[in-house]
Amino acid sequence: SNPCFDDRPAIMTILCDKGTKAFPTTNYEEGEIILGRGTSYELVDVIDHSKNPMSLDYEHFGDKRNFLYRGIELIVKIVQ
């Protein structure tokens, strides 16, 4: 097991150019997005938010909330 990700939530921030084809799904629990066939990305950074939480806005069926995220953030850039 990897000690950096063991029992820690992880989110992915995707950096892409304007006009990149993407389709957000209605899987609100996981926040899925479908990228075009053959799309690839490279890992740019990994940020541990355990000591410096990130403020996130969350909306689910009109219920808007804000919370502090203390997990791992993977930042990737689409390279197609």
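Values reported hereafter were calculated over all heavy atoms of this structure, with side chains retained and with hydrogens, waters and symmetry mates removed.
For the residue pair His49 and Asn52, the shortest heavy atom distance occurs at ND1-O, 3.2 Å. The two atoms that bring Ala22 and Leu35 nearest to each other are CB-CD2, 3.9 Å, heavy atoms only. Taking all atoms of both residues into account, the shortest heavy-atom contact from Tyr69 to Ile11 is OH-N, 3.3 Å. The nearest pair of heavy atoms linking Leu68 to Ser55 is CD2-CA, 4.0 Å.
Rounding to the nearest 0.5 Å places OG1 of Thr13 at 5.5 Å from CE of Met54. Annotation: the span from Glu73 atom CD to Asp48 atom CG amounts to 11.0 Å, rounded to 0.5 Å. Between Lys51 atom NZ and Arg70 atom CZ the span is 13.5 Å, to the nearest 0.5 Å. We find the CD1-CD1 distance between Ile78 and Ile14 to be 6.0 Å, quoted to the nearest 0.5 Å.
The backbone N or O of Cys16 sits nowhere less than 3.5 Å from a side-chain atom of Tyr41 that would complete a donor-acceptor pair.
In the hydrophobic cluster analysis, where Ile, Leu, Val, Met, Phe, Trp and Tyr join through side-chain heavy atoms closer than 4.5 angstrom, Val44 is grouped together with Ile47.
Within 6.0 Å of CG on Asn66 lie more than 12 heavy atoms contributed by other residues, nucleotides or ligands.
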* Steps toward side chain to side chain contact (heavy atoms under 4.5 Å, CB included) verdict (Lys77, Asp17) -> CA-CA 9 Å; Lys77 178 169 178 42; Asp17 294 330; 4.1 Å; yes

* Asked: Do Leu15 and Ile75 pass the side chain to side chain contact (heavy atoms under 4.5 Å, CB included) test, and can you show the C-alpha distance, the side-chain angles, and the key distance before you say yes or no?
  -> CA-CA 7 Å; Leu15 308 174; Ile75 301 176; 3.8 Å; yes

